[in-house]
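Below is one structure, written out as structure tokens, with a few remarks after it.
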Amino acid sequence: MKKTAALIVFLFLVFMNFGCGSDPVEKAENAMQQKNFAEALKYYQEALRKAPHNSQLKENMAETYLAWGEDIYKRSHVLKAFEARIELGKKILPDSLSLQMRKDLSTVYLKLALAYKNTVPDNPYQKKAYFDQTLANLDSAIHYDQDNIQAMKSLQEFEQEKFQEMYDAGVLYYKKGRRDPLQYLAAEYYLSNALKLNSEDSETWRYLKLTRKEALNVLDPGQTVPFAITDEKKQEGMKAYHVVIHSQYPEDIQIKAEDFYLIDSAGNAYRGAASEVFATPLKQRVLKNGQEMQGVVSFSISKSERYVRLELRRNNKVLGYKNLP
């Protein structure tokens, strides 16, 4: 009898182990409660293999990544890890999001924005990056939930707090540019960011236009293949720029007029050419690191368009650019 009873108990336990908790979604939820995010994702992935078009499962996986990112940041304050988990979660999301998912994305983007805002940067480059990330993430928070009052309030406070700081810095660097032309590049950065915060400010626009005019003839050391614009030429149906190109690319790079694109205010791109109409068209050449070349790049244009930017591209990647006044 004792052996029979023991066997019954053993079979009952085996049955319970196989019958209960075998649902991967249930296992994922249990893992989430224990903050075992990697295990939760494993079980959600198992469930998705059986139902690859299940939108709720995809949202559950995304929520796991969001919670994981928040948990990492709370424990270690590593911004990039927080941001990376959010991006991984977004890749899994279905095309159409539930209202709750949109609200949760809005909430987590607000937290990421405030994390960037409240983190002390180590250097000026990081300070610029943190400013851009704060603003971009606040915009994302509002994009996913326009009723997120806290995100709206945080954006308004950020705009009020940072506008004057950016404007004052821009004007200061503009004035310094008279002695050191490289300062015009810093002035352009600060004035552009001031306008992101208050696009209606006429004085900021005035200074930015003046700054960009001066910055045209300055090579930006922060770009891979910076160029300067030393002259602008116009003919009927054509606009041309005399450019000086300086390669900071680590390898030899071939440059030609067709690598330049003129961008209008609507975002349309016009490809450059080496027109023989001008005495010194930009001829194709291989540049070594540290070498320079120059010549005229021409564009067929429409009089009615406003042109805002000139870019040097290679394989759809912008290597150098100039914002036009």
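The first residue of the sequence shown is numbered 1, and numbering continues consecutively from there. Keep in mind it's a predicted model, so treat the numbers as computed, not measured.
- The 12-atom threshold is exceeded at CD of Glu87, counting heavy atoms of other residues, nucleotides or ligands nearer than 6.0 Å.
- Following chains of ILVMFWY side-chain contacts shorter than 4.5 Å, one cannot reach Phe278 starting from Tyr270, and the two form parts of different hydrophobic clusters.
- Pairs passing the side chain to side chain donor-acceptor pair (under 3.5 Å) check and including a residue from residues 312-325, sequence neighbours excluded, read Glu188-Asn323, Asp259-Arg314, Arg309-Asn323, Glu311-Arg313.
- Of the listed residues (Lys162, Gln133, Glu161, Glu157), just one forms a side chain to side chain contact (heavy atoms under 4.5 Å, CB included) with Lys117, and that residue is Glu161.
- In this structure, CE in Met166 is found 13.5 Å from CG in Asn198, a value given to the nearest 0.5 Å.
- Gly89 approaches Ala62 most closely through the heavy-atom pair O-CB, 3.4 Å.
- Classification of the Trp68-Phe37 ring pair by plane angle, with boundaries at 30° and 60°, yields parallel.
- Within the 6.0 Å centre-distance limit, the rings of Tyr207 and Tyr174 are counted as a close aromatic pair.
- Between Lys128 and Phe131, every side-chain heavy-atom pair lies at or beyond the 4.5 Å cut-off.
- In this structure, Lys58 and Ile92 have side chains that are in contact, with non-hydrogen atoms separated by less than 4.5 Å.
- Between Asn148 atom CG and Ser154 atom OG the span is 8.0 Å, to the nearest 0.5 Å.
- By the side chain to side chain contact (heavy atoms under 4.5 Å, CB included) test, Lys176 is found to be paired with Leu172, Tyr173, Arg179, Gln183, residues two or more places apart in sequence or in another chain being considered.
- The line from CG of Leu216 to CD of Glu214 is 9.0 Å long, rounded to the nearest 0.5 Å.
- At most 12 heavy atoms of other shown residues, nucleotides or ligands fall within 6.0 angstrom of atom OH in Tyr249.
- Hydrophobic clustering (ILVMFWY, side-chain heavy atoms < 4.5 Å, transitive): Leu41 and Leu88 are in one cluster.
- With hydrophobic clusters built from ILVMFWY side chains whose heavy atoms lie under 4.5 angstrom apart, Ile229 shares a cluster with Leu312.
- For the pair Leu191 and Thr211, the tightest heavy-atom approach, listed with the atom from each and the gap, is CD1-OG1, 3.5 Å.
- Considering every non-hydrogen atom in both Ala194 and Tyr167, the closest pair reads CB-N, 3.9 Å.
- Distance check, rounded to the nearest 0.5 Å: CD1 of Ile245 to CD1 of Ile253 gives 10.0 Å.
- Both Phe163 and Trp205 belong to a common hydrophobic cluster when Ile, Leu, Val, Met, Phe, Trp and Tyr are linked at side-chain heavy-atom distances under 4.5 angstrom.
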Evaluation steps, salt bridge (charged side-chain N to carboxylate O under 4.0 Å, His left out), between Lys42 and Glu39: CA-CA 5 Å; Lys42 181 184 73 174; Glu39 187 174 346; 5.2 Å; no

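- When the shell of 6.0 Å around CD of Gln146 is examined, it contains 12 or fewer heavy atoms from other residues, nucleotides or ligands.
- For the pair Leu197/Leu135, a side-chain contact is recorded, criterion being any heavy-atom separation below 4.5 Å from C-beta on.
- What you find for Leu219 and Ala228 is that their closest heavy atoms are CD2-N, 3.5 Å.
- Between Ile301 and Lys234 there is no side-chain heavy-atom pair separated by less than 4.5 Å.
- The side chain to side chain contact (heavy atoms under 4.5 Å, CB included) search around Gln126 returns Pro121, Asp122, Asn123, Tyr130, not counting sequence neighbours.
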When you look at Arg102 and Asp145, which way does the salt bridge (charged side-chain N to carboxylate O under 4.0 Å, His left out) test go after all the steps? CA-CA 6 Å; Arg102 295 187 70 87; Asp145 181 10; over 6 Å; no

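- Taking CD1 from Ile142 and CG from Leu155, the interatomic distance works out to 4.5 Å, rounded to the nearest 0.5 Å.
- Side chain of Arg285 to backbone of Glu292: a donor-acceptor contact under 3.5 angstrom is found.
- For the pair Tyr190 and Val171, the minimum side-chain heavy-atom distance is 4.5 Å or more.
- Residues Pro325 and Lys209 approach most closely at CB-O, 3.9 Å, considering heavy atoms.
- The distance from atom CG of Leu138 to atom CG of Leu110, rounded to the nearest 0.5 Å, is 6.5 Å.
- The side chain to side chain contact (heavy atoms under 4.5 Å, CB included) test with Arg85 singles out one residue from Asp71, Ile72, Thr64, and that residue is Ile72.
- Counting heavy atoms from C-beta on, the side chains of Leu66 and Met101 come closer than 4.5 Å.
- Side chains of Arg206 and Glu203 form a contact here, defined as non-hydrogen atoms less than 4.5 Å apart.
- Heavy atoms only, all atoms of each residue included: Met238 and Ser275 are closest at CE-OG, 4.2 Å.
- With 3.5 Å as the limit, one finds no donor-acceptor pair spanning the side chains of Gln248 and Gln223.
- Ring planes of Tyr241 and Phe299: perpendicular class, angle over 60° (limits at 30 and 60°).
- Within the 4.5 Å cutoff, the side chain of Lys50 has heavy atoms near those of the Glu46 side chain.
- A donor atom on one side chain and an acceptor atom on the other are not found under 3.5 Å apart for Gln34 and Asn30.
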